[in-house]
Amino acid sequence: MTAEVEPGPRVLREARLLAREVAEQVAIDNGVCIRPVPYRRLDSLTGLAEVVNVPCGATLEGKCPPCAKRNRQVRRAQCREGWHLEAEPVASAGEASEDQRWLVEFRANLQGQRDEAEHAGADAAVADLDAAIDAVDAEINDAGMSGNVLGRTAGQRSRSTRRRQDAPDLPRRVMKDTTLGRTFTGSDGKVYRPSLFVTLTLPSYGRVRDGVPVDPGRYDYRRAARDALHFSKLVDRFVQNLRRVAGYDVQYFASVEPQKRLAPHLHMAIRGTLPRAEMRQIVAATYHQVWWPAADEVVFEGEHRPVWSAGGYVDPGSGEVLPTWDEALDRLGADENAEPVHVMRFGAQADVQGVLAGSKDADQCIRYLSKYLTKSLGDPIGDGADGAARRAHAARLVDALRYEPCSPGCANWLRYGVQPKNAKAGLRPGRCRSKAHKPEHLGYAGRRVLVSRKWSNKTMGEHKRDRRSWVMAALGLDEASADPHRYVWQRAAPGDPDVGSAALRLLREVAARQRWRAELERLRARADAAGSEGSAVTETTVHTGWIREVSG
């Protein structure tokens, strides 16, 4: 009989903190990316090459808290700058330059040569001209033109349907070429430009208490799963209806966040205002119909599933090729009695608030919009007894999503006897790789932040450059004197000897961040004491330090 090992020393060893975990926490406390990406930077003037760690740019706290925090701050700035504008944010496009015109003319000549070669049956010449056309199309985009000169090259499938009788009619105003809402002048002559903050939720799927179904057996998990999968489409329909009623190009900044019951809901800041009665009417009239093949009757299950062959997926029993995605839609279009596979609407609870520029309410709404941006939809579950019940609720929702088709290319279509769009070998029902089926997304695969194109007239990159300009001004440096083409960047391979391990690079970044902060504080103090004397800092220190961190 062997003697028992004393548990004391092992318990003490297991209770110790891991040094790497402490290093990551120190990095987070200092605002350093915990997953930096190594890049090799070549100075074209001096010829000096060095390895520089670039932040990963993660948007979720679970992946990198410092980067997620920086992205949330940029989103807040974007929301604040575009909400209450007094002038149109976007200028009309200017005249095309000579270079742009020449590129399009050259593209036209290549198209003519290709058509002649195709008519003559010169396949080799056609292939060469196709490659040249692709290169010119890329140059056209690089020259400041967006899109393709051919426009839409593929036909768009549409289904003619009449408006649903259960949806109320909406008033329509004549569209005006503006993105600004109405203004109101008070008795004192002051002009007010109000806006709206709208919160939209999905309908009920069963009684819930503290975010957990009272009776899970009667909770409609299938409907909840389908609503989450198509929530982004419903938001698109709402914006379309909103613009028709408002009579101007309504601009918005919206975020999708999880409710306590784990269903997605929408917070939207809207530039301009409409009567609350009209807003509720728009919500009631908004719906989305999913015209997909039926996904209610299981055709293949378990090990009895379609197999891949040269002609696509076939029934293993009969050898019959399954209908393709286009064939399934053609059958649906030919059926006059066909019904949409799913119809979704917003719930009855729609909160509409008026907000004035510069008020405390506006700042509070901006903070609310960005509150959950760094968390995944499955994060707010909690611990303890309530947390266990909510985890079980989340598991049932994930189980309902497992075999639910999330897109035309979802592998789950094989379960219902239809080949997915652009089918390929290796697809298996229940193992779709889309993020909609992952527990942290709970069915919603769309963007967490929805921003209209004319909101602030700036991209995320431009908002990050604004932060960079602020740091340059704080350090007393002339941003215009910096050469944007001085440095050449190339992704460094992790195995390169001068890159170092991830832990070593993390420690170096923490040390560098502490030096940069101390330098910035020293320059701030000296600038406060002696006016503009806070400009004594080298360009290299700024470029590889705070500037790179702030710009993300």
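Hydrogens, waters and symmetry mates play no part in the numbers below; they use all other heavy atoms, side chains included. Predicted model only: the values in this text are computed from it and were never measured.
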Separation between SG of C79 and CZ of R72, rounded to the nearest 0.5 Å: 13.5 Å
Could you tell me the separation between the CZ atom of R486 and the CZ atom of R41, rounded to the nearest 0.5 Å? 8.0 Å
Let me know which of L356, T185, T183 forms a side-chain contact (heavy atoms from CB on, under 4.5 Å) with Y192. L356
Test item: side-chain donor near acceptor, Q251 and D249, under 3.5 Å: yes
Report yes if the side chains of S232 and L450 come closer than 4.5 Å at any heavy-atom pair, otherwise no. no
Checking E139 now: which residues fulfil side chain to side chain donor-acceptor pair (under 3.5 Å) with it, not counting sequence neighbours? none
D134 CG: over 12 foreign heavy atoms closer than 6.0 Å: yes
Is it the case that over 12 heavy atoms from other parts of the model lie below 6.0 angstrom from the OH atom of Y248? yes
Quick check for you: to the nearest 0.5 Å, what is the distance between K438 atom NZ and C432 atom SG? 10.0 Å
Just so I know, are the side chains of E509 and C33 near enough to count as touching, which here means a heavy-atom distance under 4.5 Å? no
Distance from I366 atom CD1 to E81 atom CD, nearest 0.5 Å? 10.0 Å
Validation: residues 262-269 side-chain donor-acceptor distances under 3.5 Å, sequence neighbours left out:
{"unit_1": "H265", "atom_1": "ND1", "unit_2": "E257", "atom_2": "O", "d": "3.0"}
{"unit_1": "H265", "atom_1": "NE2", "unit_2": "H267", "atom_2": "NE2", "d": "3.2"}
{"unit_1": "H267", "atom_1": "ND1", "unit_2": "T199", "atom_2": "OG1", "d": "3.0"}
{"unit_1": "H267", "atom_1": "NE2", "unit_2": "E257", "atom_2": "OE1", "d": "3.2"}

Quick one: does R75's side chain get under 4.5 Å of L369's, heavy atoms only? no
Count the heavy atoms belonging to other residues, nucleotides or ligands that lie under 6.0 Å from NZ of K424, then report whether that count exceeds 12. no
pair Y221-H393: side-chain heavy atoms closer than 4.5 Å: yes
If you count every heavy atom of other residues, nucleotides or ligands that lies below 6.0 Å from Q353 atom CD, does the total exceed 12? yes
Could you pull out all residues at least two apart from N71 that satisfy side chain to side chain donor-acceptor pair (under 3.5 Å)? none
Side chains of D361 and F197 in contact at under 4.5 Å (non-hydrogen atoms): no
Any side-chain heavy atom of R513 within less than 4.5 Å of one from R517? yes
From I28 atom CD1 to I34 atom CD1, the distance as rounded to the nearest 0.5 Å: 4.5 Å
CD (Q364) with more than 12 external heavy atoms under 6.0 Å: no
Are L180 and R193 packed together at the side-chain level, in the sense that at least one heavy-atom pair is separated by less than 4.5 angstrom? yes
Ion pair check, R226 and E404, cut-off under 4.0 Å: yes
Quick one: does W489's side chain have a donor or acceptor within less than 3.5 Å of a partner on R40's backbone? no
Side chains of Y252 and L242 in contact at under 4.5 Å (non-hydrogen atoms): no
Does a side chain donor of either Q25 or D29 reach within less than 3.5 Å of an acceptor in the other side chain? yes
